[in-house]
Amino acid sequence: MADYDARRVEEKWQKIWQGQNVSRAIDNDPSRPKYYLLEMLPYPSGTLHMGHMRNYTIGDAVARYKRMCGFNVLHPIGWDAFGLPAENAAIKRGTPPREWTNSNIAQMKAVCERFGFSYDWAREISTCEPAYYRWNQWFFLKMLESGLAYRKRSRVNWCPQCQTVLANEQVIDGFCWQHETTPVEAKEIEQWFLRITDFADALLEGIDELTGGWPERVLIQQRNWIGKSSGARVRFDVADIAGIGLDVFTTRIDTIYGVSALLVSASHPQLGSVLEGVPGRAGMDAQLRAMRQSSVKAADIATAEKEGFFTGRFAVNPFSGERVPIWVANFVLAEYGTGAVMCVPAHDERDYEFCEKYHLPVKVVIQPLHAAPLRADRMNEAFTEYGKLVDSGPYSGLASEQAREKMAADAAAKSFGAAEITYRLKDWGISRQRYWGTPIPVVYCEKDGIVGVPEDQLPVRLPENVTLTGQGQSPLASVPEFVNATCPKCGGPARRETDTMDTFIDSSWYFYRYTDPHNDRAPFDKAKAAYWFAIDQYIGGVEHAILHLIYSRFFCKMMNGLGLVNHREPVKRLFSQGMVLRDGAKMSKSKGNIVGAIEMADKYGCDTGRMYTLFAAPPEKDLEWSEQGIEGSSRFLNRVYRLIDKHAPRLRNVRLNFNVQMDMAKASEKEKLLVRRAHQTLKRVTNDFDVRWHFNTSIALIMELVNALSAQEPLDQDISPEILKAVLCLLVVMLSPMTPHIGEELWEMLGNEGGLAKQAWPAYREDLAREEQVEVIIQINGRVRGKMLVDAELGDDELTDRALADERIKMLLDGKQIVKTIAVPKKLVNIVVR
RNA sequence: GCCCGGGUGGCGGAAUGGCAUACGCGGGGGACUUAAAAUCCCUUGACCUUCGGGUUGUGCGGGUUCGAGUCCCGCCCCGGGCACCA
C-alpha cells in the first residue's frame, strides 16, 4: 500500500489543471450563469504567510465549488504593485523599485501556484505597469474635465516617516495607517483632491442597497465616516465691530434662545479680526499657541479637560438680540462645520461642562414632554433630547422638530442663516510626494496654467533610473527630462507635475480591469464589465472598511457618471475573514511569528494546510495557528487516502451512479446506513457552501462520514461495489473544493476519468437521506428518562402512547399525576407530572 | 461615553427553542512492536454512586416556556469600531 505523497500528487494535478484550462473564465458565456469571486489584491511584499493563504483558500474553495455547480466563475488575481515599501527597499539596498517589486511578484505567484489556487492567470494584472496605470491617468483626466479633480492649498496630514501627505482615511487616531509610532503632522501645501464629497449622499444611499450583503460593522463604519448631519448655519454679528460676523453650525437651532456664549476654535481664521484691539492680547496669543499644539490623538482629545478664555468681545444672538460673550474653546474643531459653535449649556453636554467650569449662565429653553419641568438651578446634567420650546420668543410652545424647520426658514428669510447639511467626509487628497506611483498627468504652463496631458499622449511614463532619497519632495522633481515638458495648448515650455497618485487609486477600479485586462483603447470594455459585474462575492480583511472599500464605491459612482458602467455598487456581497494568529498576535515579519506558506507546504502538503485553515475556525473568526492542529488534519487526509487506496482496486471498473438505485428489499441495513449517511452529509455540506460558509462544520461532517465507514469495516464483504463506489466518490467530491489535489488523485484511483474539476456537484436526494427509524427521547418534566427507536413517520398520539407504554417510564410515573404531554415527532415526548 | 461582535470542557470549536460539549487537538488506558515511530481500539465536563444510575453544568441575576447555550429584561467581562462632529 502506497503512502500519500503530497508533493508528487500536487505537482501532477497542477500540471493537468493547467492543460485543461480549469480556471479560465469565459467572457459573455450565454450557456451558464456567471459568478465573479474576488479576493482583495495583495501588496507584493515578498512574503506570503498563512494569513494570506487563509484568505485565498476560502476563495478557492468557493470558486471550485461554484464551478462544479455549473457557474462561469471569474476568479482573478493581481498585484497592488505601487507603493512605499518598494521605494524604501530601493533606498536601503539600491535595488530599483521595479526590480524589487517584480521579483516579489514572481515569488508570490510561485507560492500561489504551489497551493493550486485556481486563478485565471491570463487575467493577471500588476498596477505598476504602464498598460495599467495609464488608465489611472485617464480617469484623472476625466475627473479634471468634469471638475471632480481639483487643486487647492490646505492643511493636510503629513507623515514624517513616509515623507508624504496622507488622505484623511489614511490617518488612524492621529497616526499614519502604516506607521503606528510617529504621529501625523499638519502641513499647509497645495495638492490634488478628488471631490468624493460630491457623492456623499450617493455613498450613503448605497449603504441601504448593501445591507444584508455586507457585514453590518463595515456599513456602520462607512456611515460614521461620511457623518452626515443636518442643521443650520447662523451668523452672529460681532458687537462693536462693523461688518464682522461669526457663522456657527448647529443641529439644534431650536435651542438658540439658550445661548450663553459663542465659542470659536483657536485656529479660526477670523479670530485675528475679532481680537483686534482688545486688552490683554499678548496673553491670549500665548494661550492660542498652546491650544493649537495640543495632542492630535483622538483618545486624548476626547478625554482632555475643556479649556477656554473670554476674548473680551461680544456677539449678538440674531434671534433674541441678546449680547453673548465670545470665548475661545479648545474643544471646538476648526475643521468641522464653521469652526465656531453656539454654547447652550442647558441642552448640550459639552457646553454644560464648559459653563460649569467657567461659571457661565445656564438657561433652560427646552422642556421635556413626559417628565417634570427642568429648572436651571436644579440641573446636574444637560437635557439633550427634543422637547417643547420655552422662553424662546415667538417660538415658545413649539415642538423641537417644528421649531428647527421654522427657525431655519426664518433665519434664511432674514438672511442671517440657512438650513445646512455638513459631512465629516472630506475630499480625497491624492498627491503623494513620492516616486513609486502613477504620475499625475498634468503640466503647469506659465501662459495656460494647469493643463491636462491629452489622452493620446498617455501614459505619462514614470521614469526609471531615478535617484531616490526619501527626503520630502517627489524624486521626480530632480529628473529634468521628466519635469521639463511642452504645454499641449500653446507649445511653450511647461513644468510637469512631480507628485504621484495615492496608490489607493490603483485599487479603486482594478477589479474592472480583470474583465478586460489587455484592452489598450479603454480601461475596459463596457459590455464585458456589464457581463461580469457586480462582483458576486468579495473577500478581504476588515481593515479596509473605510479605505479601499469607500474609495472603490466612489470610483464606481464616478464611472457610472461617465457612462462606463450602469450599476451603482461594485460589490454585492462582502466577506471579512478573520486573521491568522500565532501566540495570540497577528502574523507579521516584525513579530517573528510567521508560519511561512512554503515551509508549511513542504512539511505537510498544501492540501493539509488548506484543510487546517478551513477546519480550525469558521472563516470570519480569528484563527490561532496550532502545530498539533495541523498534524490532525494531516492524519485525517492520510486516513482517507488509505481507506480509498484499500478499496479502489475492486471498485475501479464499477460504474459510478451517485443516485444508487436503492432496492430497499435487496439492500442490507449496512448499505442503507452508509448511503443515508452520505446523502445526509451531502445535504449539509452543500448548505454550508451555499449559505453559511462554515467549512469547519463541513469538514467535521465529512470526518464523521469517514468514521462511519471505518466503523463498518470490513466494507468489501457486506457492501455492494456499486454502493461503496457511490459513497466513496461522494466523499471525495465533497472534500475536493477544499483539498483539490488529493481529491483529484482519489477520484482517479477510484477509476473515474475526466478530472474532478470538471465534475458536476451532485444533488443530494431527500429520499436517500431520509431516516426510516429515529431515536426519540422520553422526558419527564424536561429531564431525559428514556429513549425509544421508532418509525420516523410516527405521529404525536402514537408517540405519546409508545412513551407511556415504556416499562421504565411506567415505573417512574407510578403514583404521579400526568398534567400534560408534549410530543415532537422525530425528537421527543415530554411528560409533565405533578 | 456611544455603536457593533463575543463569552460553551484542559484547548480550537459544534448545537432550525428539544439528549449541551458534534468534529478535531490534548490527556489517560490498551493492542501491534524486541523497542520506538506510525497505525488501530477504548476512555475523557465536574461532583456523587450500591456502577443501575443520580445531581450539577453554556459569564452573572431575573423572566417567558412543558422545555432556554439559543428568546426577553437587568448587569459583568473580553474584542473591535467611533469618539469634544456642535
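What you see below is based on every heavy atom in this structure, not just the backbone, and it leaves out hydrogens, waters and symmetry mates. Order of the sequence lines fixes the chain letters, A, B, ..., with proteins taken first and strands second; residue numbering starts at 1 for each chain.
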(request) Write down the distance between CD1 (Ile777(A)) and P (G18(B)), rounded to a whole number of angstrom. (result) 11 Å
(message) Testing Val784(A), Val824(A), Val829(A) one by one against Ile777(A) for a side chain to side chain contact (heavy atoms under 4.5 Å, CB included), which residue passes?
(response) Val784(A)
(message) Whether Lys306(A) engages the ring of Phe331(A) as a cation-pi pair (distance to the six-membered ring centre under 6.0 angstrom, angle to the ring normal within 45°) should be assessed.
(response) yes
(message) Distance check, C1' atoms only: G10(B) and G17(B), in whole angstrom units.
(response) 30 Å
(message) Going by purine N1 to pyrimidine N3 plus the second Watson-Crick contact, or the G-U wobble pair, all under 3.5 Å, which nucleotide sits opposite G69(B)?
(response) none
(message) Rounding to an integer number of angstrom, what distance separates C48(B) and C42(B) when you compare their C1' atoms?
(response) 24 Å
(message) Can you identify which nucleotide, out of G53(B), C19(B), C84(B), has its nearest atom closest to the Arg808(A) side chain?
(response) G53(B)
(request) Examine the side chains of Ser698(A) and Asp688(A) and answer whether a donor and an acceptor come within less than 3.5 Å of each other. (result) yes
(request) Classify the side chain of Asn830(A) versus the base of C66(B) as yes if they form a donor-acceptor pair under 3.5 Å and no if they do not. (result) yes
(message) Counting only Watson-Crick pairs (N1-N3 plus N6-O4 or O6-N4) and G-U wobbles (N1-O2, O6-N3), all under 3.5 Å, who is the partner of A83(B)?
(response) none
(request) Side chain of Gln628(A) only, please: which of C4(B), A22(B), G26(B) is the nearest? (result) G26(B)
(message) Please give the distance between the P atoms of C73(B) and U21(B) as a whole number of Å.
(response) 29 Å
(request) Please tell me which of the listed nucleotides, A83(B), C4(B), A86(B), lies nearest to the side chain of Ile220(A)? (result) C4(B)
(message) Between C4(B) and C40(B), how many Å separate the two P atoms, rounded to a whole number?
(response) 48 Å
(request) Kindly indicate whether the side chain of Glu775(A) and the base of C19(B) share any N or O donor-acceptor pair separated by less than 3.5 Å? (result) yes
(message) Can you see if the side chain of Arg783(A) gets near the phosphate of U56(B) - specifically, an N or O under 4.0 Å from OP1 or OP2?
(response) yes
(request) Please state whether the base of C19(B) and the side chain of Lys827(A) form at least one donor-acceptor pair under 3.5 Å? (result) no
(request) For G53(B), take OP1 and OP2 only and decide whether either is under 4.0 Å from a side-chain N or O of Arg785(A). (result) no
(message) Would you say Tyr423(A) places a side-chain N or O within less than 4.0 Å of OP1 or OP2 belonging to C85(B)?
(response) no
(message) I'd like the C1' distance from A31(B) over to A38(B), given in whole Å.
(response) 14 Å
(request) From the options C40(B), C85(B), A14(B), select the nucleotide whose nearest atom is closest to the side chain of Arg642(A). (result) C40(B)
(request) Take atom CD of Glu620(A) and atom P of G80(B), then tell me their distance rounded to the nearest Å. (result) 17 Å
(request) Would you mind reading off the distance between Gln221(A) atom CD and C4(B) atom P, rounded to a whole angstrom? (result) 13 Å
(request) With RNA chain B as reference, determine whether His694(A) or Trp225(A) sits nearer its 5' end, using the nearest nucleotide of each. (result) His694(A)
(message) Between Asn224(A) and C2(B), is there a contact of a side-chain N or O with OP1 or OP2 at under 4.0 Å?
(response) no
(message) Distance check, P atoms only: U70(B) and C60(B), in whole angstrom units.
(response) 11 Å
(message) Over all strands shown, is Arg217(A) touching base, sugar-phosphate only, or nothing at heavy-atom distances under 4.0 angstrom?
(response) sugar-phosphate
(message) Students often mix this up, so state it plainly: with edges at 30° and 60°, are the rings of Trp693(A) and Phe575(A) parallel, tilted or perpendicular?
(response) tilted
(request) Quickly work out the Ile699(A) CD1 to A22(B) C1' distance and round it to whole Å. (result) 14 Å
(request) In whole angstrom, give the distance that lies between atom CD of Gln779(A) and atom C1' of A68(B). (result) 12 Å
(request) Write down the distance between CD (Gln222(A)) and C1' (C82(B)), rounded to a whole number of angstrom. (result) 14 Å
(request) Under a 3.5 Å limit for both distances, which nucleotide forms a Watson-Crick or G-U wobble pair with A46(B), could you say? (result) U55(B)
(request) Tell which nucleotide pairs with A36(B), taking only Watson-Crick or G-U wobble pairs whose two distances are both under 3.5 angstrom. (result) none
(request) Go through the side-chain N and O atoms of Asn317(A) and Tyr257(A) and say whether any donor and acceptor fall under 3.5 Å apart. (result) no
(message) Measuring to OP1 and OP2 of C25(B), would you say a side-chain N or O of Arg635(A) lies under 4.0 angstrom away?
(response) yes
(message) Whether Asn696(A) contacts A14(B) is assessed here as follows: a side-chain N or O lying under 4.0 Å from the phosphate OP1 or OP2. Is that the case?
(response) yes
(message) Measuring only the P atom in each nucleotide, how far is G13(B) from C25(B)? A whole number of Å is fine.
(response) 16 Å
(message) Heavy atoms from C-beta onward define the side chain here; which of G18(B), A86(B), C23(B) lies closest to that of Asn707(A)?
(response) C23(B)
(request) Taking only the side-chain nitrogens and oxygens of Arg692(A), find out if one of them lies under 4.0 Å from OP1 or OP2 of A15(B). (result) yes
(message) Say we look at G26(B) and C11(B): how far apart would their C1' atoms be, to the nearest angstrom?
(response) 7 Å
(request) Using atom CD of Glu704(A) as one end and atom C1' of G13(B) as the other, report the distance to the nearest whole Å. (result) 14 Å
(message) I want to check one thing: is the phosphate of C40(B), taken as OP1 and OP2, less than 4.0 Å away from some side-chain N or O of Arg639(A)?
(response) yes
(request) Return the nucleotide paired to G5(B): Watson-Crick means purine N1 to pyrimidine N3 with N6-O4 or O6-N4, wobble means G-U with N1-O2 and O6-N3, both under 3.5 Å. (result) C78(B)
(request) Could you check which of C23(B), A86(B), C19(B) has an atom nearest any side-chain atom of Ser229(A)? (result) A86(B)
(message) If the cut-off is 4.0 Å, is Lys621(A) near the phosphate of G6(B), judged by side-chain N/O to OP1 or OP2?
(response) no
(request) Identify which nucleotide among C40(B), A22(B), C4(B) has an atom closest to any side-chain atom of Glu216(A), counting heavy atoms from C-beta outward. (result) C4(B)
(request) Hey, can you tell me if Tyr641(A) and Tyr4(A) have their rings parallel, tilted or perpendicular (30° and 60° cut-offs)? (result) tilted
(request) Kindly indicate, with the supporting measurements, whether the criterion side-chain contact (heavy atoms from CB on, under 4.5 Å) is fulfilled by Lys357(A) and Glu307(A). (result) CA-CA 9 Å; Lys357(A) 179 168 174 181; Glu307(A) 306 274 355; 3.8 Å; yes
(request) Fit a plane to each ring of Tyr358(A) and Trp327(A), take the angle between them on a 0 to 90° scale, and name the class: parallel (under 30°), tilted (30 to 60°) or perpendicular (over 60°). (result) tilted
